[in-house]
Amino acid sequence: MKAVVIRAFGAPAGLEVVDLPAPVPGPGQVVVATEAIGVGGVDAVIRRGALAAHGFREGHLLGSEVAGTVTAVGEGVDSSWTGRRVWAFTGLSGGYAEQAVARVEDVLALPDGLSAADAVTLGGSGVVAHFALRKAHFVPGETVLVRGAAGSIGITAVQLAARSGAGAVAVTTSSEERGARLRELGATHVLDRSGRSGAPDAPTGFDVVIDVVGGPGLPDALDALHADGRYVLVGVVGGQPPEDFGMRLVHGFRKSLTFATFSADTVPGPDRQAVRAEQFAEAARGELRTVVHDVLPLDRAADAHRAMDAGEVFGRVVLTLEPGREGAPGTRRSAGAHEPLWHCARP
């Protein structure tokens, strides 16, 4: 089968299309003939070699979520899965391939009206956004800042906060055009990447910050919290924060601030799947929107990574085994008619 592996850590040119043996499902596993493959921020982090100390090696087969049709099941798996269209989490390896293996508990049947591209855009990111807001103890009426809102996690977090009654939903982004698109999804205020805005009605502080970026700007975002504010870090696509960022919490001691990291690994599997199933149904009905930046054939995975490295992606890039089937750059989709982390936890 065709697959994409890391020939050499570093630039996207280090990705290579290879032929590998077709996988065989083990006990409790299924094989999925992939139709769509999600390209996530964690894939880029692994590709660069930043996680080599955690056991990732050159030759690694990238990809963590796919959608397609179950073609084989392993021992102990109900045979009725065969032939069903599903979303599947493959771990942190195995998705960039014509066939992928997943544990049956990490597989979810797709509802009618939800495309494979939409499924891999929402499947992992939607769960992170949902539970990050819960981790922050967000309640209606509060002001929310989403740092890095142009990715799939941020886009979903904006929608969830807005429809749950946030008093304001501010976003950081890199351009007016992206800001306008985020307003269409529920953002009320657009800030630049430093968290500043020239608008007279822009919030001067926030009750909740959901941060996909991290990086050197994290301490300043901490300073933007109101008293009793809660900050939840779900990714570091902008790099690691300064080692002494915790001093900002100490300096703001009298504000009783809370800082937390969030990984979906800490959420029980059945709870993740229940939220995912609900979000898939909402997307199929047009109540929750996905944004697919581009759909590329599998053998153009390096181009997908170049776009991410260049900061060009709004939403998610999807790889497909059916070239030309879906979408065009910047196409917006919802409800199956078509309309994006350093987050390496189980979705």
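Remember, predicted model here, so these are calculated numbers, not experimental data. Along the sequence shown, the residues carry numbers beginning at 1.
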I'd like to know if [X] and [Y] make a salt bridge, using a cut-off of under 4.0 Å between side-chain N and carboxylate O.
{"X": "Arg181", "Y": "Glu176", "result": "no"}
{"X": "Arg47", "Y": "Glu58", "result": "no"}
{"X": "Arg48", "Y": "Asp309", "result": "yes"}

Task: Any donor-acceptor N/O pair, Thr320 side chain to Glu35 backbone, under 3.5 Å - done: yes
Open item on the list: Using the rule given for side chain to side chain donor-acceptor pair (under 3.5 Å), can you reason through Thr121 versus Asp118, listing the C-alpha separation, both sets of side-chain angles and the distance that settles it, and then say yes or no?
Closed with: CA-CA 5 Å; Thr121 299; Asp118 288 331; 5.2 Å; no
- [ ] Give a yes or no on this: more than 12 heavy atoms of other residues, nucleotides or ligands lie within 6.0 Å of atom CG of Asp112.
- [x] no
For residues 208-224, tabulate all N or O donor-acceptor pairs below 3.5 Å that involve a side-chain atom, not counting sequence neighbours.
residue, atom, partner, partner atom, Å
Asp211, OD1, Arg147, NH1, 3.4
Asp211, OD1, Val213, N, 2.6
Asp211, OD1, Gly214, N, 3.0
Asp211, OD2, Arg147, NH1, 2.8
Asp211, OD2, Gly214, N, 3.3
Asp211, OD2, Tyr231, OH, 2.6
Asp220, OD1, Arg248, NH1, 3.3
Asp223, OD2, Arg248, NH1, 2.5

Donor-acceptor list for residues 9-23 side chains, cut-off 3.5 Å, not counting sequence neighbours:
none

Please check if [X] and [Y] belong to a single hydrophobic cluster, counting links between Ile, Leu, Val, Met, Phe, Trp and Tyr side chain heavy atoms closer than 4.5 Å.
{"X": "Val73", "Y": "Val66", "value": "yes"}
{"X": "Leu133", "Y": "Val139", "value": "no"}
{"X": "Met1", "Y": "Leu319", "value": "yes"}
{"X": "Val31", "Y": "Ile37", "value": "no"}

Open item on the list: Taking salt bridge (charged side-chain N to carboxylate O under 4.0 Å, His left out) as the definition, give me every residue that meets it alongside Glu312, ordered by chain and number, with sequence neighbours left out.
Closed with: none
Between [X] and [Y], what is the shortest heavy-atom contact and its length?
{"X": "Ala117", "Y": "Val292", "value": "O-CG2, 4.3 Å"}
{"X": "Leu108", "Y": "Arg276", "value": "CD2-CG, 3.6 Å"}
{"X": "Val158", "Y": "Ala149", "value": "CG2-CB, 4.1 Å"}

TODO: Mind jotting down which residue pairs meet the ring pair (Phe, Tyr, Trp, His ring centres under 6.0 Å) criterion with at least one end in residues 52-81? Sequence neighbours excluded, please.
DONE: Phe56-His60
Open item on the list: Considering only residues two or more places apart or on different chains, which pairs with a residue in residues 109-145 satisfy ring pair (Phe, Tyr, Trp, His ring centres under 6.0 Å)?
Closed with: none
Just list the side-chain donor-acceptor pairs under 3.5 Å for residues 88-102, sequence neighbours left out, or say none.
residue, atom, partner, partner atom, Å
Thr90, OG1, Gly63, O, 3.0
Thr90, OG1, Ser64, O, 3.4
Thr90, OG1, Ser93, O, 3.1
Ser93, OG, Leu61, O, 2.9
Tyr96, OH, Asp43, OD2, 2.8
Tyr96, OH, His305, NE2, 3.1
Glu98, OE1, Lys2, N, 2.7

- [ ] Decide yes or no on salt bridge (charged side-chain N to carboxylate O under 4.0 Å, His left out) for Glu142 and Arg230, but give the supporting numbers first.
- [x] CA-CA 11 Å; Glu142 292 188 315; Arg230 290 89 65 200; 2.7 Å; yes
